[in-house]
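So the structure is just underneath, and the comments pick up after that.
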Amino acid sequence: MRRTKIAELLRTEPIDTEVLVKGWVKAFRNNQFIALNDGSTPHNLQVVLDFENTDPAVTDRIKFGAAIGARGQLVESQGKGQKVEVKASEIIIYGDCNPEEFPLQPKRQSPEFLREHAHLRFRTNTFAAVFRIRHALAYAIHKFFNDKGFYHQHTPIITASDAEGAGEMFQVTTLPLHKIPRTESDEIDFSQDFFGRATNLTVSGQLEAELAALALGEVYTFGPTFRAENSNTTRHLAEFWMIEPEVAFADLDDNMSLAEEMLQYVIRYALEHCADDLKILEDRLIEEEKTKPQDQRSEMSLTEKLRFVIDNQFVRLTYTEAIDILKNSSPNKKGKFQFPVEGWGTDLQSEHERYLVEKHFKKPVILTNYPAAIKAFYMRQDEAKEGVPGPTVAAMDILFPGIGEIVGGSQREERLEKLQARMKEMHIPEKELYWYLDTRRFGSCPHAGFGLGFERLVQFVTGMTNIRDVIAFPRYPGNAEF
RNA sequence: GCCUCAUUAGCUCAGUCGGUUAGAGCGGCGGACUGUUAAUCCGUAGGUCCAAGGUUCAAGUCCUUGAUGAGGCGCCA
């Protein structure tokens, strides 16, 4: 007999048919009622035993966490709480689960504890919901771009360029670490290394994506990204997944519109396809809120927050305008900011970004046209503008409540001379990036793109406050377990 | 990397001013009940108080150092 998934069974409700279900025991009540979950849905199926006619050797093995199968008649439930249930005629034990040794318990456990048991946390309602939503978001991203005519590109994970300036890199080598070969001038002799040169794990697929965009028109990457920064926060990982669209013949406005449309699309997709999982996470957050003092509770529930983002346009304003708002803000005047807003030219602190997003506008904000001095070499240089004290670039950062920067992007500098001048200023060796500059030499055109931190998106949609809880096996300083 | 806080039973946590035998809820185990919904009821076991050193007649409690975890900041997606 073929196994029916619980999701399908609950969807079609084939009453009075013989079914076979398989899953993990979530609860065993009254020696009689098994709550069974197989991961296909957050909902459990109730399996009812005829306890008087079931071998005690079998019932003794029906423990929280055990893997079992149940064959029987699907019938209308006599109890409240579920429409249907399976009257079991046979129970198959696949895998026992000793409750004295199993770290999980049928009760709330802290995210910190579960993180230490990340190999088992999929079994919890919360994490099962998170990882189903993570999948749905990944799928929605591919669907969004595919339906718009974008081509998914796989960019290299091992790269020889260390000129991207996006952060510290992990070195990749096969040289023996206990006996590193040296040149005559006592430098590490990378000519003996696997690739014949120094290599690293990628910090961004952008530069390669640009090459593809300048032929295929509209492309995106969706791959792992590595940063060897010693970051200890709730929104940084050493290994994370990033989506990087790149569009030919697009300017900064097109870029912002694409990012906004994509974010709203995928959030709407989650609301439409993951309602039950979102409900679990929303209820979890409501419970958590109860432990907080009144003034620290959030005004909106999780789904209200998500609806709000898809129903409202993001605010677009320039860095220069943001500085004005911040300078005149009451926390700045009252000296409430830990870092007072000095003036034009310095980067915004996260408390400033949070003020703009969470207090002033109360919605996602796109900040644009940052000072050139604080942004990357490849961003397009703006024309001088009245009221703007210094040179700016066509950059944009999308800031979300609670998460901060979820997207960072720009229109790219397509003019060869301007790009070369900028690289010289920032001491980026042209020689290493000859291939990047070639796109500006041969058929260059205006183009733009951005990077979306996938885990930050998953964080926002699931309401998980720590980024380490939205990726199965997080990598961060001092931790590469599992 | 910097700052703050934490570490007590399997889990979540309480432990007063340093005082004699370290507690609760949940979970586990045993039993009762048998249409339950994190079932309920009764009983029961369970402790290297993070580690090392120090102060003291006396340390879970105070001090020092370290480890681990959390939150904030920086780096950024």
Side-chain angles (χ1 to χ4, degrees), chain A residues 26-35 43-52 59-60 63-65 75 77-82 85 87 97-117 124-125 164-168 203-206 221-244 259 283 287 291 337-339 347-354 374-376 397-400 403-409 450-460 465-469 471 476-479:
Chain A
K26 289 290 179 177
F28 186 32
R29 288 182 288 267
N30 230 343
N31 246 348
Q32 203 178 170
F33 304 100
I34 303 167
H43 297 293
N44 299 332
L45 176 73
Q46 176 153 286
V47 174
V48 187
L49 295 187
D50 179 1
F51 70 99
E52 278 168 341
T59 46
D60 281 353
K63 299 287 188 188
F64 177 70
V75 298
S77 178
Q78 294 171 41
K80 287 169 194 157
Q82 61 280 316
E85 64 194 21
K87 251 180 124 68
C97 189
N98 182 348
E100 284 187 307
E101 289 170 17
F102 191 42
L104 303 187
Q105 295 174 1
K107 58 172 242 171
R108 193 203 167 263
Q109 283 175 302
S110 71
E112 294 81 26
F113 173 80
L114 293 170
R115 207 175 295 146
E116 288 177 9
H117 302 268
T124 66
N125 296 338
E164 289 159 33
E168 287 297 309
V203 291
S204 164
Q206 179 201 316
T221 73
F222 190 156
T225 311
F226 308 88
R227 306 265 167 99
E229 301 286 345
N230 190 12
S231 296
N232 292 288
T233 77
T234 55
R235 53 188 192 285
H236 287 87
L237 291 166
E239 176 183 288
F240 64 100
W241 291 71
M242 187 155 64
I243 296 101
E244 295 180 287
D283 292 347
E287 281 303 307
T291 65
F337 283 139
Q338 196 191 336
F339 300 92
D347 215 346
L348 299 178
Q349 301 288 328
S350 56
E351 61 175 342
H352 303 146
E353 294 180 349
R354 209 175 299 138
I374 58 171
K375 287 290 181 182
D397 283 359
I398 302 185
L399 310 175
F400 263 36
I403 310 230
E405 188 178 343
I406 196 167
V407 163
F450 61 84
L452 165 75
F454 183 57
E455 282 76 17
R456 290 191 182 171
L457 172 69
V458 181
Q459 258 191 291
F460 182 74
T465 49
N466 194 318
I467 201 166
R468 296 168 187 176
D469 296 330
I471 187 165
Y476 50 95
N479 210 298

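What you see is a predicted model, and the numbers here were worked out from it, not measured in a lab.
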Using the C1' atom on both, measure rC73(B) against rC62(B) and round to a whole Å. 31 Å
For residues Glu244(A) and Gly451(A), report the shortest heavy-atom separation together with the two atoms involved. CG-CA, 3.9 Å
Nearest-neighbour nucleotide for the Gln105(A) side chain, rC73(B), rG27(B), rU12(B) considered: rG27(B)
Report the distance from atom CD of Glu100(A) to atom P of rG10(B), rounded to the nearest whole Å. 12 Å
Under 4.0 Å between a side-chain N or O of Arg235(A) and OP1 or OP2 of rC75(B)? no
Can you measure Asn30(A) atom CG to rA32(B) atom C1' for me and round it to whole angstrom units? 11 Å
For a quick test of reading the model: is some side-chain N or O of Thr233(A) closer than 4.0 Å to OP1 or OP2 of rG74(B)? no
Under 5.5 Å centre to centre and under 30° between planes: does that hold for Phe454(A) and the six-membered base ring of rA77(B)? no
Looking at rG74(B), I'd like to know if its phosphate oxygens (OP1 or OP2) sit under 4.0 Å from a side-chain N or O belonging to Gln349(A). yes
Separation between the P atoms of rG15(B) and rA24(B), rounded to whole Å: 15 Å
What's the gap between rU12(B) and rG69(B) when it is taken at their C1' atoms, as a whole Å value? 15 Å
rG74(B) OP1/OP2 closer than 4.0 Å to side-chain N/O of Asn230(A): no
Check whether Gln109(A) reaches the backbone of Pro103(A) with its side chain - one donor and one acceptor, N or O, closer than 3.5 Å. yes
For Gly453(A) and for Lys87(A), find the nucleotide of RNA chain B with the closest heavy atom, then tell me which residue's nucleotide is more 5'. Lys87(A)
Interatomic distance at C1', rC11(B) relative to rG47(B), whole Å: 14 Å
With heavy atoms under 4.0 Å as the rule, sort Glu85(A) into base, sugar-phosphate or nothing. base
When the distance from CZ of Phe400(A) to P of rA77(B) is rounded to whole Å, what number comes out? 16 Å
Without decimals, in angstroms, what is the distance between Phe222(A) CZ and rA77(B) P? 16 Å
Would you measure the distance from the P atom in rU48(B) across to the matching atom in rG23(B) and give it in whole Å? 15 Å
From rG69(B), rG35(B), rA77(B), nucleotide with atom closest to Val48(A) side chain: rG35(B)
What is the distance from CZ of Phe339(A) to P of rC73(B), rounded to the nearest Å? 9 Å
Mind calculating the distance between OH (Tyr476(A)) and C1' (rU68(B)) to the nearest angstrom? 11 Å
Rounded to whole Å, CZ of Phe33(A) lies from C1' of rC33(B) at a distance of 12 Å
